[in-house]
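Presented below is the structure to which this report refers.
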Amino acid sequence: MMDTAPAPSRRRENTRTRLMDAAAEMFAEVGIDAASVEAICECAGFTRGAFYSNFASKEELFLALCARSAETTIAAVRDRVTSIEDRGLDTAGDVRHLVQEVLEATGEDRLDVLLGAETRLQALRNPEFAEAYLALNQGLVDSVTQLVRDIADARSLSLRVPADSATELLLSVWISTSETALLVGQDQTVARTQLAERLSQVVGLILE
């Protein structure tokens with residue numbers, strides 16, 4: 001009979017994933033300061049021993065979670081960019097829809113919005129978190145900036161601001177709109193329509 005039990009490395013990875021999933025939910029809902037190791041373990045269905053065999057501290061888990069979130073988002077953005085480029089930047093639709101299609105990859109789920117806000121708050125408070133957050137966020141910025149440059153080049157468009165500044169404006173609008181929609185309990189369909197309108201306005205300011 002074949003042994004179908006997970007290998008130790010696979011079990012360890014599964015444990016880390018469940019702990020990180022539980023922590024993501026708790027950090028989003030109550031913040032990292034209020035989320036205890038015990039509560040995270042209980043939510044994940046593990047003991048403190050399992051926690052500390054994978055993470056030295058709650059802060060280390062938080063940084064690992066930030067890294068995972070950034071990697072997932074960057075991969076999704078790059079997939080969207082590749083898909084658009086494969087269709088042809090000069091014929092794939094208007095600029096607003098191209099940009100929105102890519103930014104949608106950053107997620108608009110309630111927990112995603114809350115966790116993003118908590119991550120930025122912790123980065124503002126803690127220099128160690130700030131350094132990690134800025135490094136990880138740069139990958140997302142680079143991916144979107146490259147798309148902005150590619151669109152401008154393919155359509156012979158001029159930018160009123162540098163491409164990285166354009167990206168900063170677009171991502172800021174995306175974050176602000178998503179958080180405001182959550183604050184006021186806005187319907188997702190309404191929120192998406194409002195986002196499209198605001199992106200259109202920003203794109204109009206960016207392009208000559």
Side-chain angles (χ1 to χ4, degrees), residues 6-83 101-147 164 167-168 170-172 174-179 181-182 188:
S9 59
R10 178 64 61 83
R11 287 199 299 269
R12 180 179 177 82
E13 186 61 33
N14 289 341
T15 300
R16 285 178 62 87
T17 298
R18 285 172 58 183
L19 285 167
M20 291 171 72
D21 289 344
E25 184 174 347
M26 297 207 69
F27 292 158
E29 293 292 356
V30 303
I32 184 175
D33 296 328
S36 66
V37 170
E38 291 78 7
I40 293 170
C41 291
E42 182 179 353
C43 183
F46 291 115
T47 63
R48 285 171 59 90
F51 181 94
Y52 287 110
S53 68
N54 286 276
F55 302 101
S57 65
K58 182 174 62 174
E59 289 70 26
E60 182 180 292
L61 184 155
F62 182 74
L63 289 174
L65 186 61
C66 291
R68 185 182 74 169
S69 177
E71 289 168 1
T72 300
T73 300
I74 290 168
V77 166
R78 287 176 177 165
D79 284 346
R80 294 288 182 92
V81 170
T82 300
S83 174
E101 184 176 342
V102 171
L103 290 182
E104 283 173 353
T106 62
E108 57 185 14
D109 179 80
R110 175 178 178 275
L111 287 180
D112 288 337
V113 175
L114 288 172
L115 184 60
E118 176 66 13
T119 301
R120 288 186 291 276
L121 178 60
Q122 290 299 324
L124 287 169
R125 289 175 171 169
N126 186 316
E128 181 184 4
F129 288 159
E131 183 178 357
Y133 171 77
L134 290 173
L136 294 168
N137 190 60
Q138 191 60 48
L140 174 61
V141 172
D142 290 345
S143 295
V144 177
T145 298
Q146 188 58 53
L147 175 69
D164 54 350
T167 296
E168 182 179 350
L170 291 166
L171 291 177
S172 295
W174 179 264
I175 291 169
S176 175
T177 303
S178 299
E179 291 183 353
L182 186 59
Q188 191 176 79

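Only heavy atoms go into these numbers, but all of them, side chains included; no hydrogens, no water, no symmetry mates.
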Separation between CD1 of Ile40 and CZ of Arg18, rounded to the nearest 0.5 Å: 14.0 Å
Is the shortest side-chain heavy-atom distance between Cys41 and Val37 below 4.5 Å? yes
Assess whether a salt bridge exists between Asp21 and Arg16, defined as any Lys/Arg side-chain N lying under 4.0 Å from an Asp/Glu carboxylate O. no
How long is the straight-line distance from OG of Ser9 back to CG of Asn14, given to the nearest 0.5 Å? 9.5 Å
Test your reading of the model: is there a side-chain donor-acceptor pair from Glu60 to the backbone of Ala56, 3.5 Å cut-off? yes
Is there a side chain to side chain donor-acceptor pair (under 3.5 Å) between Asp142 and Gln146 once you walk through the steps? CA-CA 6 Å; Asp142 290 345; Gln146 188 58 53; over 6 Å; no
For Arg68 and Leu65: C-alpha separation, side-chain torsions, deciding distance, then whether side-chain contact (heavy atoms from CB on, under 4.5 Å) applies. CA-CA 5 Å; Arg68 185 182 74 169; Leu65 186 61; 3.5 Å; yes
Nearest heavy-atom pair of Leu19 and Leu61: which atoms, and what distance? O-CD1, 4.3 Å
So which pairs with a foot in residues 41-53 pass side-chain hydrogen bond (donor to acceptor under 3.5 Å, both in side chains), sequence neighbours left out? Glu38-Arg48
Do the side chain of Thr145 and the main chain of Val141 share a donor and acceptor less than 3.5 angstrom apart? yes
Would you call Arg120 and Glu179 a salt bridge, using N to O less than 4.0 angstrom? yes
Note: Asp33-Arg125 ion pair, threshold 4.0 Å (strictly below): yes
With a 4.5 Å heavy-atom cut-off, do Arg110 and Leu114 have their side chains touching? yes
Is there a donor-acceptor contact under 3.5 Å from the side chain of Ser178 to the main chain of Trp174? yes
Between the main-chain N or O of Ile32 and the side-chain N or O of Gln122, is there a donor-acceptor pair closer than 3.5 Å? no
Between Met26 and Cys43, what is the shortest heavy-atom contact and its length? SD-CB, 4.4 Å
For the student: nearest non-hydrogen atoms of Cys66 and Thr119, plus distance: SG-CG2, 3.6 Å
Does anything in residues 54-83 pair up under ring-ring contact (aromatic ring centres under 6.0 Å, His included), and if so which pairs, sequence neighbours excluded? Phe27-Phe62, Phe51-Phe55, Phe62-Phe129
